[in-house]
Every structure is written in structure tokens, then in C-alpha cells.
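Numbers here simply count residues along the sequence, with the first being 1.
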Amino acid sequence: MVVGKVSEFIGSLYYLCVTLLRFKNIMKLKNYLLLLALLLAVGVRAQVPTGDKYPKREFRAAWIQAVNGQFRGVPTEQLKQILISQLNSLQGAGINAIIFQVRPEADALYASQHEPWSRFLTGTQGQMPSPMWDPMQFMIEECRKRNMEFHAWINPYRVKTSLKNQLAPEHIYNQHPEWFVTYGDQLYFDPALPESREYICKIVTDIVSRYDVDAIHMDDYFYPYPIKGVDFPDNASFARYGGGFTNKADWRRSNVNVLIKKLHETIRGVKPWVKFGISPFGIYRNQKSDPLGSNTNGLQNYDDLYADVLLWAREGWIDYNIPQIYWEIGHKAADYETLVKWWATHSENRPLFIGQSVTNTIQHADPQNPSMNQLPRKMALQRAYQTIGGSCQWYAAAVVENQGRYRDALVSEYHKYPALIPVFDFMDDKAPDKVRKMKKIWTEDGYVLFWTAPKAETEMDKAVQYVVYRFGRKEKVNLDDPSHIVAITRNPFYKLPYETGKTKYRYVVTALDRLHNESKALDRLSGRTSVEGIFCRLLLPGDQSLPYQWFQSPDSGSALG
């Protein structure tokens with residue numbers, strides 16, 4: 001891991017510095033200084049990836065929100081078609097994960113066992129959609145068809161975005177009004193109450209146990225964004241639960257810490273393969289508040305929202321972090337480049353992705369090249385650190401609408417080839433077994449390559465997806481090159497394309513488990529153990545001189561071979 005490498009690097013520097021202080025011989029001193037410079041260069045490069053223009057593994061997500069009212073009151077079949085159209089467009093743009101808002105106001109865009117239907121779906125909280133359907137289940141099924149992850153996005157504390165909004169009679173507020181506080185024009189669960197935490201964990205348990213989600217996701221709303229001159233009304237709770245704390249800010253952070261830890265434990269206890277991710281506000285702390293903070297001047301997670309994101313990552317309570325860096329390069333108070341570099345060096349050994357604002361990116365010119373928008377430079381920065389494993393686009397519709405030709409750029413350049421989701425090896429690092437019994441079968445639709453799923457003892461060992469690679473007959477097999485990926489599929493088969501039937505190809509198939517560990521296999525051509533895959537050689541029929549069975553692969557001359 002990167003953190004371990006950095007620790008070793010720092011240790012080496014310390015040893016060299018101590019050694020330098022003991023030197024009297026100037027020539028030896030010069031030699032050690034040269035060695036120190038070399039180590040510095042290596043240390044810097046340790047944070048930089050291999051320089052692959054097209055990474056094989058990259059988190060490429062998009063947020064689909066409900067609070068903007070885009071679903072409200074839309075007839076069921078029409079809304080389904082809108083969502084299908086969005087997913088098709090996002091799939092075509094290389095997006096491999098969808099973060100879909102399912103709980104904006106202690107309500108539900110799914111068939112909840114505890115909370116009312118959301119007004120952001122039907123127009124009235126508590127009103128069941130007609131005809132009845134379950135948007136979350138629908139989106140999970142549609143994401144599976146497109147080999148996308150589905151992350152269920154919830155807001156933990158918010159109950160009303162405006163006090164004028166009406167709550168359904170069955171809403172938990174009407175059963176336990178003592179659990180809630182009003183701040184400004186909004187209503188919230190009191191984060192200090194054990195009852196609030198238990199209830200939120202119950203909601204998450206319900207989602208994780210009944211739905212095949214890949215992750216539970218929370219955004220930047222913890223304690224509410226502060227209103228100037230108005231303190232959050234929790235004096236009574238502090239008097240009751242604040243024992244041991246002399247500082248209310250520390251106590252508030254502790255309240256959120258306890259919830260995050262309990263949510264992590266809850267999710268792991270139900271389905272250990274389901275991830276728990278956060279997309280916090282883009283500034284952790286400013287340097288004026290903390291010397292280790294970023295060189296920024298804005299609202300702070302730690303001090304204003306009482307969200308100690310680095311602690312959560314450090315303690316392993318969250319499985320990924322997507323700071324919302326929605327500003328432009330050159331922003332005076334919150335420069336994008338400054339923040340990307342800061343988060344890259346403070347990943348705390350947890351997967352880090354960057355929250356990108358599509359609109360902001362296309363509206364601002366690159367300071368170094370005013371004829372272009374900032375997408376090229378932002379993507380270069382995102383991929384400039386090993387600790388950054390991808391990004392999430394805010395918001396999905398902006399990509400679909402191709403604002404500023406943003407989607408065009410993803411398709412033609414930045415997401416030109418497919419990418420696998422990064423592995424979460426701290427959750428599971430055991431790859432599934434290789435696929436078995438690969439063979440071609442002639443069907444009425446042409447030749448189809450079939451294989452059998454590997455055997456598995458547990459759910460986390462199961463193969464849930466397959467990656468199909470294609471290589472020229474004499475081409476070196478390189479499974480790190482995503483340009484050779486022709487399919488990522490949940491089906492144990494792949495229809496071989498046909499053009500002329502003359503060119504010969506070799507196809508390689510690997511298995512992925514729920515956390516995207518990729519299987520190993522035997523290279524049947526050389527007998528060597530190869531990374532990730534099982535090889536099938538196909539050629540035009542009739543060539544019996546070869547040591548393996550050959551058969552026609554009907555692709556642009558494709559013969560698997």
C-alpha cells in the first residue's frame with residue numbers, strides 16, 4: 001500500500017539525515033547527498049502512478065439526485081424510460097457506478113418497511129406510486145444489465161428541507177417529535193440522541209438486507225451548514241449527554257463519529273461485501289485552523305459540519321471517500337489543484353475518488369490554455385497520484401446532456417476504454433477461481449463462446465462478472481491493457497462478432513467477484529501460470545496440425561487463437 005511505502009521512505013530519509021550529521025569526509029558527504037536526492041525523487045514518484053493514459057482500474061461514477069425534483073410526479077412508465085435513457089448514455093460514456101438518491105428526507109424512493117414514500121417521487125410524502133413500482137429495485141436491475149455498481153445514497157439526519165413541507169402521518173417525526181430539532185427553515189434528527197443513531201442504523205439494515213446494493217453512500221450533510229449568528233439548538237442534549245466533554249464542538253464530532261462507526265459495523269454485519277462511502281464537503285480544514293490543513297479559506301468539514309472525515313478513514317469506518325471538489329483551478333478561496341493535492345496526500349489508506357462538477361469544469365478556462373475548458377487539466381491532476389482511484393460526476397444529467405461536450409470528451413478520450421472498479425483489498429483480497437470448460441457453440445445467431453462459472457464456497461468467493469479480452473494471434477497477452485477488453489458481462493457467454501472470418505484472434509476470459517478481485521488462470525499456450533484468465537484458442541476449421549482444438553471464430557476475421 002502507498003502508506004507503507006511512504007513510511008519506509010520517511011524512515012530512509014531519517015536514517016540518511018542522521019548519517020549525514022556524522023560525516024567529516026566531504027567526498028563521502030557529497031555521495032550521500034546525491035543518494036538523498038535520488039531517494040527524494042523516488043519518494044515523489046511513489047505518489048505518481050505508472051503514467052498509463054488509460055488505466056485498467058478506475059472508479060467512474062455519477063450521482064443521480066432526487067432533490068432537484070426531476071422525478072416528482074412523473075408517470076411511472078415515463079420515469080422508467082427517462083432513467084433507462086440516462087443509464088444508457090452514462091454507460092456509453094464509460095460510467096461504471098451509479099450513486100442514486102433513495103432517502104432525501106427520512107423518506108424513501110423504495111418500498112421501505114419503516115419510512116413513507118418520498119414526495120420527490122410522487123409529489124406527496126406517503127403517497128404510493130401508481131402503478132406500484134420500486135425505483136431502487138428498478139435501478140439495481142438496470143445497473144446490473146449494464147455492469148454498473150449501484151450505491152444507495154441516503155441523507156442521515158435531514159427530515160425537512162423546508163418547514164413548509166408536510167410530513168406523512170406515519171413519519172417517524174409524528175411518533176417521536178422529541179428526537180428532532182429545528183434549525184433555520186429545516187428539521188433534523190438530533191445527532192446527539194442514541195435513539196437517532198439506532199433508528200438510522202435500522203433504516204440502513206433494512207436497505208442492505210433486502211436490496212442487492214454495492215454500497216451505502218452518504219454525502220456532505222452531517223450537522224447542518226451553519227447559519228451566521230445562529231447556533232445549532234442542542235444545549236439540552238449537551239447537558240444530558242455531554243459528560244466528559246468541555247468543548248461542545250468535540251462533543252458534536254463525537255456524536256457523528258459514533259454514528260459512522262455504528263453504520264460501518266451494521267453494514268459489515270449484514271453483508272460484508274457491501275461498501276460504506278462518504279462524499280464530504282471539499283475542504284477538511286484550512287491552514288489557518290490547522291497547520292496540516294489545506295491552503296484554502298472556506299467552510300470546513302471538521303469545524304463547521306463536525307465531520308472528522310480523516311478520522312473515519314484512518315479508523316477504517318468508511319470504505320471510500322469522494323470529497324466534493326466543485327471549484328475551478330485558480331479559485332481564490334478553494335483552488336481545485338490545491339485541494340486535489342491535499343486530499344491525495346491525506347487519503348489515510350482508504351480509496352479516494354474526486355467529486356467533479358461538470359458545470360464548473362466547462363464554464364472555466366484552463367489558466368494555462370484559455371482556449372480550452374478545465375476538463376483536460378482536471379483529469380490529468382486526478383490521475384497524477386496513486387492514492388486517487390477515480391472520480392464521480394456531479395451531476396449525471398449534466399453528463400447525459402453533454403454540457404460543453406463533456407460527455408464527448410469522456411467517450412473519445414478519458415473513458416475511451418472500459419475500466420474495472422478498483423479492488424477493495426482490505427475488505428476482500430481473495431480472487432475467485434478461474435472460469436472452466438470454455439467452448440464455442442454454434443447458434444442461430446452465430447458462434448457464441450461459453451464457459452462455466454468457477455466453484456465457490458461463500459458469497460464473497462462467487463464470480464459475479466466476467467471480463468473478455470481479445471488479442472491478435474501473435475500478439476503478446478497483456479491483461480493490464482484495457483484496450484483489449486471487449487466485454488464486461490454478468491453472463492457466462494460472449495457472442496463472437498463476425499466480419500470476414502479471416503483474421504485470427506485469441507480470447508481470454510477472467511472472473512470477477514463482488515469486490516472486483518480478478519481470477520488467475522493457466523496459460524494453455526505455454527503452460528505458464530498467467531495473471532487472470534483462461535485462454536481459448538480458436539482458428540478456422542480444418543487445421544488439425546495444431547496442438548489444440550481450433551474452430552472458427554466469426555469475427556472480423558476472428559478466429560480465437
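The two residues P422 and F353 have their closest heavy-atom pair at CG-CE2, 4.2 Å. Taking all atoms of both residues into account, the shortest heavy-atom contact from I318 to V309 is CD1-O, 4.3 Å. The nearest pair of heavy atoms linking S391 to Q382 is CB-OE1, 3.0 Å.
The salt bridge (Lys or Arg N to Asp or Glu O under 4.0 Å) contacts involving residues 201-210 comprise D206-R210, where partners must be two or more places apart or lie in separate chains. Screening residues 118-129 for salt bridge (Lys or Arg N to Asp or Glu O under 4.0 Å) gives E105-R119 as the qualifying pairs, with residues at least two apart or on separate chains. Residue pairs meeting the ring pair (Phe, Tyr, Trp, His ring centres under 6.0 Å) criterion with at least one partner in residues 66-105, sequence neighbours excluded, are F71-F100.
For H346, the ring pair (Phe, Tyr, Trp, His ring centres under 6.0 Å) partners are W342, not counting sequence neighbours. Applying the side chain to side chain donor-acceptor pair (under 3.5 Å) test to Q91 and every residue at least two apart in sequence or in another chain returns nothing. Under the salt bridge (Lys or Arg N to Asp or Glu O under 4.0 Å) criterion, K378 pairs with no residue at all, not counting sequence neighbours. Residues forming a side chain to side chain donor-acceptor pair (under 3.5 Å) with Y211 (at least two apart in sequence, or on another chain): D134. Shown here are the side chain to side chain contact (heavy atoms under 4.5 Å, CB included) partners of Q363, two or more places apart in sequence or in another chain: T359. Here Y223 pairs with F232, Y306 under the ring pair (Phe, Tyr, Trp, His ring centres under 6.0 Å) rule; sequence neighbours left out. The ring pair (Phe, Tyr, Trp, His ring centres under 6.0 Å) test applied to Y157 returns no partner, not counting sequence neighbours. With sequence neighbours excluded, the residues that form a salt bridge (Lys or Arg N to Asp or Glu O under 4.0 Å) with R285 are D290, D303. Evaluation of the ring pair (Phe, Tyr, Trp, His ring centres under 6.0 Å) rule for W343 yields no partner, not counting sequence neighbours.
Remark: K430 does not engage E457 in a salt bridge, criterion side-chain N to carboxylate O under 4.0 Å. Contact check on K261 versus E315 returns no salt bridge, with no Lys/Arg side-chain nitrogen under 4.0 Å from an Asp/Glu carboxylate oxygen. Using a cut-off of 4.0 Å between Lys/Arg side-chain N and Asp/Glu carboxylate O, E58 and R383 are scored as salt-bridged. E348 has no carboxylate O lying under 4.0 Å from a charged side-chain N of R350, or vice versa, which leaves the two without a salt bridge. Ion pairing between a basic and an acidic side chain is recognised when a charged N comes within 4.0 Å of a carboxylate O; E265 and K262 show no such pairing. The pair R377-E337 meets the salt-bridge criterion, with a side-chain N (NZ, NE, NH1 or NH2) lying under 4.0 Å from an Asp/Glu carboxylate O. Between E141 and K145 there is no salt bridge, since no side-chain N of the basic residue sits under 4.0 Å from a carboxylate O of the acidic one. A salt bridge is absent between R158 and D219; no separation between the charged side-chain nitrogens and carboxylate oxygens falls under 4.0 Å.
The aromatic rings of W394 and Y326 sit parallel, their planes meeting at an angle under 30°, below the 60° perpendicular limit.
Counting non-hydrogen atoms of other residues, nucleotides and ligands closer than 6.0 Å to CZ of R490 gives a total above 12.
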How far apart are the C-alpha atoms of W312 and V256, what are their side-chain angles, what is the distance that settles it, and do they pass the side chain to side chain contact (heavy atoms under 4.5 Å, CB included) test?
-> CA-CA 10 Å; W312 308 341; V256 184; 3.5 Å; yes
Between D319 and R268, does a salt bridge (Lys or Arg N to Asp or Glu O under 4.0 Å) hold up when you go through it step by step?
-> CA-CA 11 Å; D319 300 314; R268 283 289 198 277; 2.7 Å; yes
Show the numbers, then the answer: is there a side chain to side chain contact (heavy atoms under 4.5 Å, CB included) between Y284 and S294?
-> CA-CA 8 Å; Y284 176 69; S294 54; over 6 Å; no
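Centroid-to-centroid, the aromatic rings of F180 and Y188 stay 6.0 Å apart or farther. Side-chain rings of W153 and Y110 stay apart, their centers remaining 6.0 Å or farther from each other. Taking the six-membered ring for Trp and the full ring otherwise, H151 and Y320 have centroids separated by under 6.0 Å.
Side-chain contact between V423 and L515 is absent, with no heavy-atom pair separated by less than 4.5 Å.
No side-chain donor-acceptor contact under 3.5 Å links S254 to the backbone of D250.
Relative to the six-membered ring of Y302, R253 meets both conditions, a distance below 6.0 Å and an angle of at most 45° to the axis.
Results of the side-chain contact (heavy atoms from CB on, under 4.5 Å) test with D428 over H516, R514, M460 single out M460 as the only residue that passes.
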